[in-house]
Amino acid sequence: MCGIVGFIGSRRALPVLVEGLRRQEYRGYDSAGVALVSDGGMWVRKTTGRVAELARAVADGPGGVVGIAHTRWATHGGVTVANAHPHLDSLERIAVVHNGIVENERALRRALQAEGVVFRSETDTEVLPHLIRKFYSGNPTDAVLRALEHIRGTYGIVVAFADHPEMLIVARNGSPLVCGIGDGETVIASDPQAVVEHTRRVVYLQDREMAIVRAGEVEVRGFDGGVLDLNVQLIDADYDVANREGFPHFMLKEIHEQPRSIRRCLLGRIQREDGLAKLGGLSMKPRDLVAIQRVITVGCGTSFHAGMAGAMAIEALARVPAHCEIASEYRYRHPIIERDALFLAVSQSGETADTLGAVQEIQLKGGQVMGVVNVVGSTIARTTGRGVYIHSGPEVAVASTKAFTSQVTALLVFTLMLARTRDLSLPRGQAVAAALDSVPEHVTHYLQNPGPIDQVVEVVKNARYVLFMGRGYSYPVALEGALKLKEIAYLPCEAYASGEMKHGPIAMIEEGTPVIAIVPMDDQREKTLSNLKEVEARGARIIAIHTEGDEEIAALADIAIAIPAVADFVSPLVTVLPLQLIAYHTGIALGRDIDKPRNLAKSVTVE
Ligand code: F6R
């Protein structure tokens, strides 16, 4: 959601800025823009639509060596060129790009208008260049710091001054920014993926820090102006994700990467012979684990679904009461935070504003919360301080696939760790460890022969409505399958716990309605089978995801997709695979923009 790039060096800035935006396209956006310090002034171009449009518009741009650029995901004001960033002060000599939200924008706008400032956009961001101009008397650092004293909200900003082509000013409060220090040049970005092709030496800005950035130099200061020690880190070459490894889309690449990403998540964490699991990042001894009386997973979207599956396993295997909460609801409903509960904040990006808000609420009330996060060093990882990295590697497609399976895997590893401090015996611990260890093999096996996905696509692509259903561990999978189909194919669909069918949704079934049922061989199978017969009697076209060899389900279904036989608690890791593929191939059949579906953002850093 919104991407920032800044560059200062001695080569042409425009190609670096445009490529930096391109590498952040996956985050979701609807317009883009660039400002260069050039010929003693500010040269600005903005376009709506894709970065490719901007690239065309700036192809003959000047050769300036300092600039800032942005991809915007509209919040305040529609998708227009005027609302795209960078925004300028009235003299057009200060340019700002901003991620986040200025909460007191209306009051600031009114006050500035009363002083004669004329606004050119409807954005909250535009108050920033005007405020900086108001406090500017030759010193960029002071002007930015004084302006920020008036801002309430979240921001990651980069500011360019036509008067000071030797520097860019960067500041952060809640929206991530990283400065990559190269040889005689510095690249700033909201995402390391825009930096890694230039340098791996980076400084992550923390909240309420600013940086004075020069070519090849970064000086970090607190908001009190005091200079701070520079913490230069090396980023993983893994961040270089421009490569789709021969797949036509990142989503398909990431679906096929799951045997590897799940194995990475398990690596060094399972002791098969002792039936044990170890998660060093939790820093919890058996004595600490035994004290946990309840586990609550918190997340949004796909991460919420993973949290649901994880909570079910925790309750079933560790016999500790567990459930999952939608982060955006939890943070605002004045929850009771029990002192002996453990909260697990599940987030791929580690930047989701609602999940972060829930974490802060839990911490405020004295609760114990840890992260289940993919992006190392992300805000949720740092705010929780302790947790589990899922190690799925950078996920570029907006629709989450490999992160879901790694999140569920990490929660299952935690389940084993917790369960062995309780009732789970050595032989059962060994069986759970073995089941987990063999998941990558089963995933590979399924992906090699995914079944008649193309037949499913033919049925669903023109459907007015698609219903997903499942029970127990297959209920979060049904929710996830429906979410994927909405996101990628824009088809009206919903998911229900199969037992709820008779309580309303069955009214939607008419002759030919596609019903996608997740019905693996587990102790809920018989019940779902009855529900399938009910929808069959009303004319539904049944698409069943069933266990290999389950001929009864295969015979009942119009289209049957077999998945390998696995233990019930790991079943979400294989039953979700055909649903990911159905969404992908339906999206292709309907000509959708697979890796960048409309209206969506990869990392949802605003509420
Ligand atoms: C769906 C999807 C979203 C995210 C949600 C939470 O494909 O990607 O539903 O799961 O926005 O994001 P994270 O996991 O980054 O907190």
Side-chain angles (χ1 to χ4, degrees), residues 1-8 20 35 37 66-70 72 85-89 93-105 108 123-161 163-164 166-181 186-192 194-195 202-214 217-231 351 353 356 377-379 382-383 605-606:
M1 186 172 263
C2 297
I4 284 180
V5 195
F7 178 80
I8 180 162
V37 181
V66 186
I68 58 179
H70 191 262
R72 171 174 185 256
H85 300 206
H87 290 286
L88 302 178
D89 70 314
R93 299 189 61 74
I94 298 172
V96 178
V97 288
H98 166 223
N99 284 358
I101 288 188
V102 178
E103 284 166 8
N104 55 339
E105 176 260 341
L108 291 172
T123 64
D124 53 332
T125 300
E126 198 186 338
V127 299
L128 281 159
H130 294 306
L131 266 182
I132 295 169
R133 162 61 58 197
K134 177 172 162 173
F135 296 114
Y136 180 66
S137 50
N139 183 327
T141 313
D142 286 355
V144 172
L145 278 180
R146 289 201 57 197
L148 292 181
E149 281 170 16
H150 297 263
I151 300 291
R152 240 187 24 240
T154 52
Y155 48 83
I157 57 168
V158 188
V159 191
F161 290 79
D163 293 353
H164 287 274
E166 76 287 1
M167 67 166 79
L168 292 169
I169 305 290
V170 181
R172 164 181 172 148
N173 186 38
S175 295
L177 280 176
V178 59
C179 302
I181 309 173
T186 310
V187 187
I188 303 151
S190 41
D191 190 316
V195 169
V202 297
V203 174
Y204 290 99
L205 228 57
Q206 309 298 330
D207 281 346
R208 302 193 60 75
E209 284 183 2
M210 68 166 329
I212 302 161
V213 175
R214 296 188 166 83
E217 280 173 39
V218 174
E219 180 184 299
V220 177
R221 298 191 183 188
F223 277 10
D224 58 1
V227 178
L228 301 172
D229 287 344
L230 205 60
N231 180 8
E351 302 295 345
L356 179 62
S378 57
T379 309
R382 281 187 288 100
T383 308
T605 49
V606 295

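Hydrogens, waters and symmetry mates play no part in the numbers below; they use all other heavy atoms, side chains included.
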Next on the checklist: I'd like to know if the side chain of Asp124 and the backbone of Glu105 have a donor-acceptor N/O pair within less than 3.5 Å.
Outcome noted: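 No.
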Checklist entry - Any donor and acceptor pair, going by atom type alone, linking the side chain of His70 with main-chain N or O of Cys2 inside 3.5 Å? => result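 Absent.
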Might you point out which heavy atoms bring [X] and [Y] nearest each other, and give the distance in Å?
X      : Y      : result
Leu228 : Arg221 : CD1-C, 3.7 Å
Cys179 : Val213 : SG-CG2, 4.2 Å
Leu88  : Ala95  : CD2-CB, 3.4 Å
Gly180 : Val195 : CA-CG1, 3.6 Å
Leu168 : Ala160 : CD2-CB, 3.6 Å
Ala211 : Leu205 : CB-CD1, 3.9 Å

Checklist entry - Just checking, any donor-acceptor pair under 3.5 angstrom between side chains of Glu351 and Ser378? => result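 Looking only at side-chain atoms, Ser378 and Glu351 do not form any donor-acceptor pair under 3.5 Å.
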Next on the checklist: For Asp163 and Tyr136, which I'm curious about, is there any donor-acceptor pair between the side chains at under 3.5 Å?
Outcome noted: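 Result is yes, a qualifying pair exists.
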From [X] atom [atom1] to [Y] atom [atom2], the distance as rounded to the nearest 0.5 Å:
X      : Y      : atom1 : atom2 : value
Leu145 : Phe135 : CG    : CZ    : 11.5 Å
Phe161 : Arg133 : CZ    : CZ    : 8.5 Å
Glu166 : Ile8   : CD    : CD1   : 7.0 Å
Thr186 : Glu217 : OG1   : CD    : 7.5 Å
His164 : Thr141 : NE2   : OG1   : 8.5 Å
Arg146 : Ile132 : CZ    : CD1   : 12.5 Å

Using a 4.5 Å cut-off on heavy atoms from C-beta on, say whether the side chain of [Y] contacts that of [X].
X      : Y      : answer
Val220 : Gln206 : no
Asn173 : Leu148 : no
Ile157 : Val144 : yes
Val218 : Ile188 : no
His130 : His87  : no
Ile212 : Ile169 : yes

Next on the checklist: Could you walk me through whether Val127 and His150 satisfy the side-chain contact (heavy atoms from CB on, under 4.5 Å) test, starting with their C-alpha distance in whole Å, then the side-chain angles of each, then the deciding distance to 0.1 Å, before giving a yes or no?
Outcome noted: CA-CA 10 Å; Val127 299; His150 297 263; over 6 Å; no
Checklist entry - So among Thr125, Ile4, Val158, Val97, which one has a side-chain contact (heavy atoms from CB on, under 4.5 Å) with Pro86? => result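 Among Thr125, Ile4, Val158, Val97, the one that satisfies the side-chain contact (heavy atoms from CB on, under 4.5 Å) with Pro86 is Val97.
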Item to check | Candidate list Thr154, Asp207, Asn99, test side-chain hydrogen bond (donor to acceptor under 3.5 Å, both in side chains), partner Arg172, passing option | outcome: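 Single side-chain hydrogen bond (donor to acceptor under 3.5 Å, both in side chains) partner of Arg172 among Thr154, Asp207, Asn99: Asp207.
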Checklist entry - Does the pair Thr123 and Arg72 meet the rule for a side-chain contact (heavy atoms from CB on, under 4.5 Å), with working shown? => result CA-CA 11 Å; Thr123 64; Arg72 171 174 185 256; 4.0 Å; yes
Next on the checklist: Pair Ile151, Leu108 - check side-chain contact (heavy atoms from CB on, under 4.5 Å), show working.
Outcome noted: CA-CA 8 Å; Ile151 300 291; Leu108 291 172; 3.7 Å; yes
